Amino acid sequence: MGFYFRDHQLVVDGISVSEIADEYGTPLYLYSQKQLIHNWHAFDEAFDVLNTAPAHLVCFAVKANSNLAILKTLVRLGSGFDIVSGGELARVLKAGGDANKIVFSGVGKRRDEILMALKAGIKCFNVESEQELYRIQSIAQQENLVARISFRINPNIDAHTHPYISTGLTENKFGIETDEALRLYDIAHTLSHIEIVGIDCHIGSQLTDLTPFKEAALKIRHMIDTLVARGIILKHVDFGGGLGISYEGKGVAPIQDYVKILVEIMQDCPDLEILIEPGRAICADAGILVTKVEYIKKHGDKYFAIVDTGMHQMIRPALYHAEMRIVEVEQVARTSHRYDVVGPICESSDFLGKNRELRIQQGDLLAILDAGAYGAAMSSSYNSHVAASEVMVCGNTVKIIKTRPSQESLWQGENMDFC
């Protein structure tokens, strides 16, 4: 299942990656539906193996990968969804998602997005500021609808992750400090078109140590007790996402241990549904980015492998200094060199990996592993490059799930007739 080597050839669910690349071209995002399904079930079933399985909902973080085929696969499993924009809401609904399994996070919800979500009947707005609370109340009142809300708590916990994906410190823009949140819960309790249903917390992404999760969960548990004492009864607690994967191929904290911590902390609140919002841990290792070596270049003792993709289609190495594994699609006995794997973008930050030992020549295929999360979703057309194709292996069948756009699509909507 997933991606592995067979007879020195990289395969996906038993099908040759090089053959798929020959048919669909490169650069190419390639996904394993079996791996995606397996990863979602790993979270869902982690609750069921416990002695007293609580009510729970696994909400896939759509920002990790918003391709409709990915979302449709998860809809069929009964997944919930964590969204951060009206566009993501539209995608989930297009894929057949149940609006009552959608939670809407994010600090900058526009009026039209709130209205759209209200009319759709989403499960909950994760409110991140006082002004947002009043905006939701105003729109709900105008529409004579009731908005279900929780407040996203910022517990001021250092998740020890990259600063760009840290969200649980007071220096971050996300969430509300505990004392302020209590005041806002009291206000929301009096508003005519607001129903308080939950409490939410998300401290960051790509966490491989469970200690910060436990610290945050304990703070949320204490706050639930405080709210109950104030007469505010909740229906769910949302612990967010952030559980990481090992991009270097090393071990990470098991999903079962992560879920066990949350359930044990909430064990004396059996009426509260537990929500989690994994994204990366569901889809990252279900996808790779396949690219072709266009040129081998040597500067003194330095080797460069110049490939046909780059930071415009996989920005994680440039933006987060992410170390992602890069492997030859076909392993051939050749002399190895250490290469910087770089792309065609006119930026010195355009690299996929540095100092990687590879046995390659011009025309070979490389695969960037664990690329199913925050790859295609964060890609752009910088330098006027068209997007990569996206293909999924579904059982024994290879399906195109996003066609490579034409060059003409790059200027669609632009206007030269301005005077």
Side-chain angles (χ1 to χ4, degrees), residues 3-12 16-30 162 164 246-250 284-285 287-372 374-376 378-391 404 407 410:
F3 298 90
Y4 55 93
F5 279 95
R6 185 183 63 194
D7 298 328
H8 306 290
Q9 300 270 338
L10 186 62
V11 298
V12 50
S16 166
V17 169
S18 62
E19 290 179 5
I20 295 173
D22 286 345
E23 181 173 356
Y24 294 99
T26 60
L28 171 72
Y29 274 100
L30 179 56
H162 192 282
Y164 291 179
S246 176
Y247 285 102
E248 299 85 13
K250 300 176 183 177
D285 70 350
I288 63 173
L289 176 56
V290 185
T291 184
K292 183 172 68 174
V293 178
E294 295 287 354
Y295 304 101
I296 301 291
K297 186 174 181 177
K298 190 171 182 287
H299 277 173
D301 294 330
K302 184 80 172 178
Y303 284 87
F304 295 90
I306 303 170
V307 299
D308 65 358
T309 190
M311 64 183 292
H312 59 308
Q313 290 166 347
M314 174 48 73
I315 199 172
R316 295 191 67 258
L319 183 60
Y320 302 125
H321 306 108
E323 294 283 339
M324 303 182 71
R325 289 176 291 166
I326 301 174
V327 299
E328 304 95 337
V329 170
E330 297 185 44
Q331 295 179 329
V332 180
R334 297 193 188 107
T335 301
S336 69
H337 296 287
R338 290 198 168 271
Y339 293 89
D340 283 5
V341 182
V342 301
I345 301 301
C346 287
E347 302 283 349
S348 294
S349 58
D350 180 32
F351 64 91
L352 298 169
K354 293 189 173 184
N355 200 31
R356 304 304 179 85
E357 187 167 349
L358 298 166
R359 293 173 170 83
I360 54 174
Q361 65 183 18
Q362 186 178 25
D364 282 356
L365 296 176
L366 294 174
I368 296 91
L369 303 185
D370 304 318
Y374 304 107
M378 296 181 75
S379 63
S380 74
S381 59
Y382 186 43
N383 285 186
S384 290
H385 286 276
V386 297
S389 296
E390 295 181 58
V391 169
R404 194 183 313 279
Q407 279 196 328
L410 292 171

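These numbers were taken from a predicted model, which means no experiment stands behind them.
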Practice item. Take Asp350 and Val342, measure what side chain to side chain contact (heavy atoms under 4.5 Å, CB included) needs, and give me the verdict at the end. Key: CA-CA 6 Å; Asp350 180 32; Val342 301; 5.5 Å; no

Review point. When you look at Ser349 and Met311, which way does the side chain to side chain contact (heavy atoms under 4.5 Å, CB included) test go after all the steps?
Key: CA-CA 8 Å; Ser349 58; Met311 64 183 292; 3.5 Å; yes

Requested in this report: For the pair Val327 and Leu358, evaluate side chain to side chain contact (heavy atoms under 4.5 Å, CB included) and give the outcome as yes or no after the intermediate values.
Outcome: CA-CA 7 Å; Val327 299; Leu358 298 166; over 6 Å; no

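Asp308 contributes a side-chain N or O that, together with a main-chain N or O of Lys292, makes up a donor-acceptor pair within less than 3.5 Å. No donor-acceptor pair under 3.5 Å is formed between the side chain of Arg404 and the backbone N or O of Leu28. The backbone N or O of Ser384 sits nowhere less than 3.5 Å from a side-chain atom of Ser381 that would complete a donor-acceptor pair.
Residues Asn383 and His312 are not in side-chain contact: their nearest non-hydrogen atoms beyond the backbone lie 4.5 Å or more apart. Residues Ile296 and Phe304 are not in side-chain contact: their nearest non-hydrogen atoms beyond the backbone lie 4.5 Å or more apart. Taking 4.5 Å as the limit, every side-chain heavy atom of Tyr374 sits out of range of all side-chain heavy atoms of Met314. Side-chain contact between Met324 and Pro317 is present, with at least one heavy-atom pair separated by less than 4.5 Å. Using a 4.5 Å heavy-atom cutoff, the side chains of Tyr382 and Ile345 are in contact. Looking only at side-chain heavy atoms (C-beta outward), Leu369 and Leu289 stay at 4.5 Å or farther from each other. At least one side-chain heavy atom of Val17 sits less than 4.5 Å from a side-chain heavy atom of Val12.
Here CE of Met378 is found 14.0 Å from CD of Gln313. Values are rounded to the nearest 0.5 Å. Taking CZ of Arg325 as the reference point, atom OG of Ser246 lies at 6.5 Å (rounded to 0.5 Å). Note: Arg356 CZ to Glu323 CD = 5.0 Å, rounded to the nearest 0.5 Å. Of the inter-residue distances, the one linking Tyr339 atom OH with Ile306 atom CD1 reads 11.5 Å to the nearest 0.5 angstrom. Summarising the geometry, atom CD belonging to Glu390 is positioned 7.0 Å from atom OG belonging to Ser379; distances are rounded to the nearest 0.5 Å. In this structure, Leu352 CG and Thr291 OG1 are separated by 7.0 Å, a value rounded to the nearest 0.5 Å.
Checked for salt-bridge contact, Arg359 and Glu330 miss the test: no charged N lies under 4.0 Å from a carboxylate O.
Minimum interatomic distance between Asp285 and Phe3 (heavy atoms only, all atoms of both residues): O-CD1, 3.9 Å. The shortest heavy-atom contact between Tyr24 and Ser389 is O-OG, 4.2 Å. Closest heavy-atom contact between Pro344 and Gly310: CD-N, 4.3 Å.
Exactly one of Thr26, Val290, Val341, Ile326 qualifies for a side-chain contact (heavy atoms from CB on, under 4.5 Å) with Val307. That residue is Val341.
At most 12 non-hydrogen atoms from other residues, nucleotides or ligands lie less than 6.0 angstrom from OH of Tyr295. Atom CD of Gln407 is surrounded by 12 or fewer heavy atoms from other residues, nucleotides or ligands within 6.0 Å.
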Report all side-chain donor-acceptor pairs from residues 361-368 shorter than 3.5 Å, counting only partners two or more places apart or in another chain.
unit_1: Gln362; atom_1: NE2; unit_2: Glu294; atom_2: O; d: 2.8
unit_1: Asp364; atom_1: OD2; unit_2: Arg334; atom_2: NH1; d: 2.7
unit_1: Asp364; atom_1: OD2; unit_2: Gln361; atom_2: N; d: 3.0

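Because its NZ or CZ atom is both nearer than 6.0 Å to the ring centre of Tyr247 and within 45° of the ring axis, Arg316 counts as a cation-pi partner of that residue.
The stretch residues 296-306 participates, sequence neighbours left out, in these side-chain hydrogen bond (donor to acceptor under 3.5 Å, both in side chains) pairs: Lys302-Asp340.
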